[in-house]
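Everything on this sheet refers to the single structure shown next.
If you read the sequence from its start, that first residue is 1, and numbering goes on from there. Counting starts at 1 for both ligands and their atoms, in listed order.
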Amino acid sequence: MAEKLCAVKGMNDIFAPESAHWEWLEAKVRDLMMRYAYRNVRTPIVEPTGLFVRGLGEVTDIVEKEMYSFEDRLNGEQLTLRPEATAGVVRAVIEHNQLYDGPKRLYYMGPMFRHERPQRGRYRQFHQVGAEALGFAGPDVDAELIVMAADLWAELGLSDVTLEINSLGQPAERLAHRQALIAYLEQHADQLDEDAKRRLYSNPLRILDTKNPAMQALVEAAPKLMDYLGPESLAHFEGLRRLLDAQGIAYRINPRLVRGMDYYNLTVFEFVTTSLGAQGTVCAGGRYDGLIAQIGGKPAPAVGWALGVERILELLKAQGLLPQPPVPDCYAIVPQTEGQERVMQTLRALRRAGLSVQMHAGGPDGQGSMKSQFKKADASGARYALIFGESELAAGQVAVKPLRADAQGGLTEQSLLPLDGAEAWAARLR
Ligand code: ATP
Ligand code: MG
């Protein structure tokens with residue numbers, strides 16, 4: 001036998017029943033986006049590497065060490081599997097002049113790629129749902145996005161998801177804070193770990209985000225960005241808080257909340273849970289007013305978030321909220337191949353009428369015994385067996401047998417029903 005081939009480490013295959021959970025969640029998301037009037041956008045999974053270097057920032061974790069980058073063998077172009085989708089969405093919006101007739105509310109879902117150490121809740125191919133509002137400057141749309149995410153948790157039935165917010169202010173305010181922060185950290189250089197030393201001058205804000213217990217006291221007492229914000233930034237933050245308060249959205253102000261990408265300003269937020277161990281952030285986002293100009297577009301404000309699909313599904317599972325996987329309404333038992341044309345016509349009519357019907361299909365040894373077909377019908381979870389026996393077919397009929405006591409409504413005992421006009425009785429089997 002040829003050598004077995006395996007998926008790339010940290011990248012997952014998803015089969016039923018889990019894939020049904022994915023589809024269920026995706027449908028919930030689509031419905032929510034529709035009600036908030038966010039429109040779907042689909043952008044390529046591969047982008048020019050320069051987009052992320054320019055968009056996310058050269059000294060971010062993602063660009064420094066997590067990107068899957070490669071050279072196009074045919075033309076030498078530097079390409080990258082998208083590690084996130086905001087930069088690509090912004091590129092697309094600029095390229096297609098999408099803001100010419102006013103602001104846009106967009107959403108996407110799909111795979112992202114980051115070369116991280118795989119562990120629970122952290123994969124190399126993972127999936128995000130993201131929402132972006134481009135062209136809106138006020139805190140009202142920040143609040144809208146946050147409330148929309150909170151509504152999703154509520155509609156999914158999730159508990160133990162809490163909101164943390166912060167403001168990163170504007171670049172000039174960050175610069176003043178950065179200088180104070182570097183001076184403070186330099187004074188305590190002996191307490192810095194390797195990571196912090198490396199970031200001291202490149203990305204000191206990120207040090208505040210450290211998970212190292214030995215550094216908690218140090219970062220707790222560090223200069224707070226909030227104290228460097230001017231009146232406009234503070235007004236934006238207060239505006240957001242007022243709107244969240246009015247919607248009854250609880251939050252904690254976390255002055256150390258910073259984000260992994262350089263492009264954020266003003267509002268940043270995360271939804272976190274204690275139920276998933278170390279990978280507790282299920283959704284994160286913020287304002288990125290500078291990104292559109294940075295990628296070459298006409299300056300325009302923007303804000304968005306992205307949620308981790310695997311983490312949300314994990315949380316749903318932990319809280320017992322995943323739906324039962326779907327089962328067919330009917331399993332068609334086909335003892336012989338004669339008359340299959342008629343059988344398949346009938347099944348098609350039932351499916352057109354909205355029923356889910358699984359047809360028994362033959363194997364290398366023929367159709368198999370009635371007994372084995374009934375076993376398969378049972379295992380399928382179907383509520384009815386449709387028995388297309390020779391005598392039934394000869395009489396232009398099918399025998400319909402309830403397989404489950406819980407067949408709510410519908411047929412309760414075995415009945416003979418006509419092959420012609422099956423759509424007329426399909427509804428009785430729903
Ligand atoms: P983390 O701090 O967990 O690395 P991040 O700040 O890198 O997260 P974002 O880039 O903001 O994450 O992505 C938004 C969301 O996508 C995260 O909150 C998380 O739920 C999910 N996510 C990020 N990276 C991964 C990954 N490697 N595997 C699974 N989900 C991920
Ligand atoms: Mg990360």
Return a yes/no value for E116: is any of its N or O atoms, backbone included, closer than 3.5 angstrom to an N or O of ligand 1?
yes
May I ask you to check if ligand 1 and E310 share an N or O to N or O distance below 3.5 Å?
no
Number the atoms of ligand 1 from 1 as they appear, then name those within less than 4.0 Å of a heavy atom of A306, with their elements.
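Listed by number with element, the hits are 14 (C), 15 (C).
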Enumerate the atoms of ligand 1 whose separation from the nearest heavy atom of A284 is less than 4.0 angstrom.
11 (O)
When you look at R198 and D195, which way does the salt bridge (Lys or Arg N to Asp or Glu O under 4.0 Å) test go after all the steps?
CA-CA 5 Å; R198 192 170 53 80; D195 221 29; 2.8 Å; yes
Is ligand 1 under 4.0 Å from a heavy atom in the side chain of [X], in the backbone, in both, or in neither?
X    : result
R122 : both
V282 : backbone
E270 : neither

In this structure, does ligand 1 have an atom that sits under 4.0 Å from one of the heavy atoms of Q279?
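No, Q279 has no heavy atoms under 4.0 Å from ligand 1.
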Of the choices [options], which has the non-hydrogen atom that lies closest to [atom]?
atom                    : options                : value
atom 14 (C) of ligand 1 : K211, H127, E314, Q128 : Q128
atom 29 (C) of ligand 1 : G308, G280, G121       : G121
atom 30 (N) of ligand 1 : W305, F126, F271       : F126
atom 12 (O) of ligand 1 : R114, E84, E66         : R114

For A214, does its backbone N or O pair with a side-chain atom of N212 as donor and acceptor, under 3.5 Å?
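Yes, because the side chain of N212 sits within donor-acceptor range (under 3.5 Å) of the backbone of A214.
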Look only at the side chain of N254 and the backbone of I165, and say whether a donor-acceptor pair between them is shorter than 3.5 Å.
no
Let me confirm one number: the CG-CD distance from L51 to Q294, rounded to the nearest 0.5 Å.
10.5 Å
To the nearest 0.5 angstrom, please state how far the CD atom of E314 sits from the CG atom of L276.
6.0 Å
Indicate the ring-plane relationship of Y288 and Y264, choosing parallel, tilted or perpendicular according to the 30° and 60° boundaries.
perpendicular
Contacts under 3.5 angstrom, residues 183-192 side chains, donor-acceptor by atom type, not counting sequence neighbours:
| from | atom 1 | to | atom 2 | distance (Å) |
| --- | --- | --- | --- | --- |
| Y184 | OH | L218 | O | 2.6 |
| E186 | OE2 | Y201 | OH | 2.5 |
| H188 | ND1 | Y184 | O | 2.9 |

What pairs of residues pass the side-chain hydrogen bond (donor to acceptor under 3.5 Å, both in side chains) test when at least one of them lies in residues 315-331, not counting sequence neighbours?
S159-Q319, D329-R383, Y331-H360
